[in-house]
Amino acid sequence: MRARSSSASTSAGATAAARRTEPDAVALEPIGDHRIIIHLSRATRSFCLETGEQFLRQAGDIDVVPSGAIGGFVAETPYQSLQIRLAPSMLDHAASRSRQLASARLAHHHMLRNDRIVLLGQALESDVKAGSPSGPLFAENVGMALAVELINLANDPPGEAIRLSNAQLQRVLAYIDANLDQPLTIDILSREAGVSSSHLRTWFKAAMDITIHRY
(Lines give C-alpha, C1' and ligand atoms only; values in the text may rest on other atoms or scores of the structure.)
Protein backbone atom coordinates (compact mmCIF):
# COMPACT_ATOMS: atom_id res chain seq x y z
CA MET A 1 0.00 0.00 0.00
CA ARG A 2 1.37 3.40 -0.94
CA ALA A 3 0.00 6.02 1.44
CA ARG A 4 1.01 9.40 2.79
CA SER A 5 -0.21 10.28 6.26
CA SER A 6 -0.95 13.99 6.51
CA SER A 7 -1.84 14.15 10.19
CA ALA A 8 -1.99 11.90 13.21
CA SER A 9 -2.95 12.11 16.86
CA THR A 10 -2.85 9.61 19.69
CA SER A 11 -4.62 9.59 23.02
CA ALA A 12 -5.18 6.81 25.54
CA GLY A 13 -8.01 5.47 23.43
CA ALA A 14 -8.27 7.10 19.99
CA THR A 15 -5.96 7.69 17.04
CA ALA A 16 -6.87 9.66 13.91
CA ALA A 17 -4.94 9.85 10.65
CA ALA A 18 -5.90 11.57 7.41
CA ARG A 19 -4.25 9.90 4.45
CA ARG A 20 -4.18 9.87 0.67
CA THR A 21 -3.82 6.43 -0.86
CA GLU A 22 -2.80 5.57 -4.41
CA PRO A 23 -5.12 3.41 -6.54
CA ASP A 24 -3.86 -0.05 -5.62
CA ALA A 25 -4.87 -2.86 -3.28
CA VAL A 26 -5.55 -1.57 0.24
CA ALA A 27 -5.23 -4.58 2.53
CA LEU A 28 -5.99 -3.90 6.19
CA GLU A 29 -4.16 -6.37 8.38
CA PRO A 30 -5.66 -7.39 11.73
CA ILE A 31 -4.79 -5.04 14.58
CA GLY A 32 -5.81 -4.72 18.20
CA ASP A 33 -7.96 -1.61 17.69
CA HIS A 34 -11.33 -1.14 16.04
CA ARG A 35 -11.07 0.96 12.86
CA ILE A 36 -13.49 3.56 11.53
CA ILE A 37 -12.67 4.62 7.96
CA ILE A 38 -14.51 7.67 6.62
CA HIS A 39 -14.31 8.15 2.86
CA LEU A 40 -13.63 11.78 1.92
CA SER A 41 -13.44 11.73 -1.88
CA ARG A 42 -16.49 12.48 -4.01
CA ALA A 43 -16.74 9.16 -5.88
CA THR A 44 -14.31 6.25 -5.97
CA ARG A 45 -14.94 3.00 -7.81
CA SER A 46 -13.57 0.08 -5.81
CA PHE A 47 -13.52 -3.71 -5.70
CA CYS A 48 -13.85 -5.69 -2.47
CA LEU A 49 -10.81 -7.93 -1.93
CA GLU A 50 -12.96 -10.53 -0.16
CA THR A 51 -15.88 -10.85 -2.60
CA GLY A 52 -14.62 -9.22 -5.80
CA GLU A 53 -17.80 -7.11 -5.94
CA GLN A 54 -17.66 -3.58 -7.35
CA PHE A 55 -18.73 -0.62 -5.25
CA LEU A 56 -18.86 3.13 -5.68
CA ARG A 57 -17.63 4.74 -2.48
CA GLN A 58 -18.82 8.29 -1.90
CA ALA A 59 -17.88 11.06 0.50
CA GLY A 60 -19.29 10.24 3.91
CA ASP A 61 -19.35 6.46 3.41
CA ILE A 62 -18.03 4.68 6.50
CA ASP A 63 -16.37 1.29 6.88
CA VAL A 64 -16.10 -0.25 10.35
CA VAL A 65 -13.47 -2.97 10.82
CA PRO A 66 -13.59 -4.66 14.25
CA SER A 67 -10.52 -5.43 16.30
CA GLY A 68 -8.66 -8.47 14.98
CA ALA A 69 -10.50 -8.48 11.65
CA ILE A 70 -9.13 -7.98 8.16
CA GLY A 71 -10.57 -5.82 5.41
CA GLY A 72 -9.63 -4.07 2.23
CA PHE A 73 -10.45 -3.12 -1.34
CA VAL A 74 -8.90 -2.10 -4.64
CA ALA A 75 -9.50 1.52 -5.66
CA GLU A 76 -9.40 2.54 -9.32
CA THR A 77 -8.32 6.13 -8.60
CA PRO A 78 -6.50 8.01 -5.81
CA TYR A 79 -8.77 8.96 -2.95
CA GLN A 80 -8.75 10.49 0.52
CA SER A 81 -10.03 8.95 3.72
CA LEU A 82 -9.91 9.54 7.46
CA GLN A 83 -9.01 6.51 9.54
CA ILE A 84 -9.78 6.45 13.25
CA ARG A 85 -8.48 3.71 15.53
CA LEU A 86 -10.47 3.07 18.68
CA ALA A 87 -9.24 0.92 21.56
CA PRO A 88 -11.67 -1.92 22.45
CA SER A 89 -11.48 -0.78 26.08
CA MET A 90 -13.30 2.42 25.10
CA LEU A 91 -16.23 0.40 23.74
CA ASP A 92 -16.19 -1.79 26.84
CA HIS A 93 -16.27 1.29 29.05
CA ALA A 94 -19.11 2.89 27.06
CA ALA A 95 -20.99 -0.41 27.01
CA SER A 96 -20.72 -0.83 30.76
CA ARG A 97 -22.79 2.32 31.18
CA SER A 98 -25.62 0.81 29.13
CA ARG A 99 -25.06 -2.77 30.31
CA GLN A 100 -24.22 -4.11 26.85
CA LEU A 101 -21.43 -6.37 25.56
CA ALA A 102 -19.96 -4.00 22.98
CA SER A 103 -16.92 -5.91 21.75
CA ALA A 104 -18.87 -9.11 21.18
CA ARG A 105 -21.53 -7.30 19.15
CA LEU A 106 -19.33 -5.13 16.94
CA ALA A 107 -19.35 -6.42 13.36
CA HIS A 108 -18.11 -5.30 9.96
CA HIS A 109 -20.02 -2.42 8.41
CA HIS A 110 -19.42 -1.37 4.80
CA MET A 111 -20.44 1.98 3.30
CA LEU A 112 -22.44 2.92 6.38
CA ARG A 113 -24.02 6.38 6.56
CA ASN A 114 -23.88 8.11 9.96
CA ASP A 115 -23.61 11.91 10.11
CA ARG A 116 -22.62 11.96 13.78
CA ILE A 117 -19.63 9.66 13.19
CA VAL A 118 -18.52 11.90 10.32
CA LEU A 119 -18.82 15.05 12.45
CA LEU A 120 -16.93 13.48 15.36
CA GLY A 121 -14.19 12.34 13.00
CA GLN A 122 -13.92 15.83 11.50
CA ALA A 123 -13.71 17.37 14.98
CA LEU A 124 -10.89 15.02 15.94
CA GLU A 125 -9.02 15.69 12.69
CA SER A 126 -9.42 19.47 13.04
CA ASP A 127 -7.94 19.38 16.53
CA VAL A 128 -5.03 17.31 15.22
CA LYS A 129 -4.30 19.75 12.39
CA ALA A 130 -4.32 22.62 14.87
CA GLY A 131 -1.66 20.91 16.95
CA SER A 132 -4.05 19.27 19.43
CA PRO A 133 -4.64 22.42 21.54
CA SER A 134 -7.58 20.73 23.28
CA GLY A 135 -5.31 18.08 24.79
CA PRO A 136 -5.74 14.32 25.20
CA LEU A 137 -8.96 14.70 27.17
CA PHE A 138 -10.73 16.08 24.07
CA ALA A 139 -9.59 13.15 21.94
CA GLU A 140 -10.68 10.74 24.66
CA ASN A 141 -14.13 12.36 24.86
CA VAL A 142 -14.51 12.19 21.07
CA GLY A 143 -13.42 8.57 21.17
CA MET A 144 -16.02 7.81 23.82
CA ALA A 145 -18.73 9.47 21.72
CA LEU A 146 -17.64 7.37 18.73
CA ALA A 147 -17.76 4.25 20.91
CA VAL A 148 -21.37 5.05 21.81
CA GLU A 149 -22.24 5.40 18.11
CA LEU A 150 -20.68 2.00 17.35
CA ILE A 151 -22.64 0.40 20.18
CA ASN A 152 -25.84 1.92 18.83
CA LEU A 153 -25.31 0.51 15.33
CA ALA A 154 -26.81 -2.85 16.24
CA ASN A 155 -29.87 -1.17 17.76
CA ASP A 156 -30.64 1.25 14.92
CA PRO A 157 -33.76 0.25 12.96
CA PRO A 158 -33.29 0.11 9.19
CA GLY A 159 -33.99 3.56 7.83
CA GLU A 160 -35.83 4.54 4.68
CA ALA A 161 -33.53 4.86 1.68
CA ILE A 162 -32.49 8.46 1.12
CA ARG A 163 -30.21 7.93 -1.87
CA LEU A 164 -29.52 5.61 -4.76
CA SER A 165 -28.08 2.30 -3.70
CA ASN A 166 -24.72 1.35 -5.13
CA ALA A 167 -26.42 -1.19 -7.43
CA GLN A 168 -28.94 1.39 -8.70
CA LEU A 169 -26.24 3.96 -9.39
CA GLN A 170 -24.09 1.38 -11.15
CA ARG A 171 -27.02 0.39 -13.40
CA VAL A 172 -27.66 4.00 -14.39
CA LEU A 173 -23.99 4.75 -15.08
CA ALA A 174 -23.54 1.52 -17.06
CA TYR A 175 -26.67 2.24 -19.10
CA ILE A 176 -25.50 5.76 -19.92
CA ASP A 177 -22.03 4.55 -20.93
CA ALA A 178 -23.49 1.81 -23.15
CA ASN A 179 -26.06 4.05 -24.86
CA LEU A 180 -24.32 7.35 -25.48
CA ASP A 181 -25.33 7.17 -29.13
CA GLN A 182 -29.01 6.80 -28.22
CA PRO A 183 -31.55 9.32 -26.84
CA LEU A 184 -31.31 9.30 -23.06
CA THR A 185 -34.28 10.65 -21.13
CA ILE A 186 -35.02 10.92 -17.44
CA ASP A 187 -37.91 8.48 -17.84
CA ILE A 188 -35.66 5.82 -19.39
CA LEU A 189 -32.99 6.23 -16.72
CA SER A 190 -35.61 6.27 -13.95
CA ARG A 191 -36.91 2.90 -15.11
CA GLU A 192 -33.33 1.59 -15.19
CA ALA A 193 -32.79 2.72 -11.58
CA GLY A 194 -36.25 1.67 -10.42
CA VAL A 195 -37.08 5.05 -8.86
CA SER A 196 -39.22 8.04 -9.77
CA SER A 197 -37.79 10.74 -12.05
CA SER A 198 -37.78 13.30 -9.23
CA HIS A 199 -35.91 10.93 -6.91
CA LEU A 200 -33.40 10.11 -9.64
CA ARG A 201 -32.63 13.79 -10.20
CA THR A 202 -32.18 14.45 -6.47
CA TRP A 203 -30.28 11.30 -5.54
CA PHE A 204 -28.02 11.31 -8.61
CA LYS A 205 -26.95 14.87 -7.79
CA ALA A 206 -26.30 13.87 -4.16
CA ALA A 207 -24.22 10.86 -5.24
CA MET A 208 -22.19 12.42 -8.05
CA ASP A 209 -22.21 16.13 -7.12
CA ILE A 210 -23.40 16.87 -10.65
CA THR A 211 -26.86 16.87 -12.24
CA ILE A 212 -27.78 13.86 -14.33
CA HIS A 213 -28.37 16.14 -17.33
CA ARG A 214 -24.88 17.60 -17.10
CA TYR A 215 -23.34 14.15 -16.60
Side-chain angles (χ1 to χ4, degrees), residues 1-44 46 57-73 75 77-98 100 102-103 105-154 156 209:
M1 181 177 76
R2 301 189 301 275
R4 297 193 304 273
S5 178
S6 60
S7 60
S9 172
T10 304
S11 74
T15 301
R19 63 178 59 187
R20 181 177 181 83
T21 305
E22 298 302 325
D24 57 358
V26 181
L28 301 177
E29 297 297 330
I31 61 173
D33 292 336
H34 303 306
R35 283 173 287 197
I36 303 171
I37 303 169
I38 303 172
H39 198 78
L40 303 177
S41 298
R42 186 172 65 186
T44 303
S46 61
R57 281 178 162 78
Q58 303 166 45
D61 281 340
I62 302 166
D63 292 337
V64 176
V65 183
S67 169
I70 62 174
F73 57 87
T77 57
Y79 69 96
Q80 291 182 328
S81 65
L82 173 66
Q83 183 176 137
I84 301 168
R85 292 172 51 173
L86 207 60
S89 59
M90 297 200 75
L91 264 73
D92 294 336
H93 181 58
S96 67
R97 298 180 178 180
S98 54
Q100 299 184 56
S103 296
R105 299 180 61 180
L106 187 61
H108 273 96
H109 290 272
H110 300 287
M111 298 173 66
L112 170 76
R113 304 296 291 194
N114 183 303
D115 291 341
R116 182 161 171 77
I117 288 178
V118 173
L119 289 173
L120 288 167
Q122 291 171 339
L124 185 58
E125 183 189 19
S126 296
D127 191 62
V128 170
K129 289 182 175 179
S132 301
S134 303
L137 182 59
F138 173 79
E140 188 170 343
N141 287 336
V142 172
M144 187 60 62
L146 287 167
V148 171
E149 290 301 314
L150 294 185
I151 293 171
N152 289 337
L153 287 180
D156 286 342
D209 199 28

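Everything numeric in this text was worked out from a predicted model, so none of it was measured. Because only heavy atoms are used, hydrogens play no part in the values below, and waters and symmetry mates are left out as well, while side chains stay in.
- Phe138 approaches Leu124 most closely through the heavy-atom pair CE2-CA, 4.4 Å.
- With rounding to the nearest 0.5 Å, the separation of OG in Ser81 from CG in Leu40 is 6.0 Å.
- No donor-acceptor distance shorter than 3.5 angstrom exists from the side chain of Arg35 to the backbone of Asp63, with no hydrogens or angles considered.
- Side-chain contact between Met144 and Met90: present, with at least one pair of heavy atoms (C-beta onward) separated by less than 4.5 Å.
- The closest side-chain heavy-atom distance from Ser67 to Asp33 is not below 4.5 Å.
- One finds the CD1 atom of Ile36 at 12.5 Å from the CZ atom of Arg85 (value rounded to the nearest 0.5 Å).
- Taking 4.5 Å as the limit, every side-chain heavy atom of His108 sits out of range of all side-chain heavy atoms of Val64.
- Here the shortest heavy-atom pairing between Gly60 and Val118 reads O-CG2, 4.0 Å.
- Separating the CD1 atom in Ile62 from the CD1 atom in Ile117 is a distance of 4.5 Å, to the nearest 0.5 Å.
- Atom CZ of Arg42 is separated from atom CD of Gln58 by 11.0 Å, given to the nearest 0.5 angstrom.
- Contact record, Ala75 with Thr44: CB-CG2, 4.0 Å, taken as the closest heavy-atom pair.
- Side-chain contact between Ile84 and Leu120: absent, with no pair of heavy atoms (C-beta onward) separated by less than 4.5 Å.
- Of all the heavy atoms in Gln80 and Ser41, the pair that sits closest is N-OG, 2.7 Å.
- To the nearest 0.5 angstrom, Leu112 atom CG is 12.5 Å from Ile37 atom CD1.
- Ring orientation note: the planes of Phe73 and Tyr79 are tilted relative to one another, at an angle of 30° to 60°.
- The two residues Leu82 and Gly121 make their nearest non-hydrogen contact at CD2-O, 3.3 Å.
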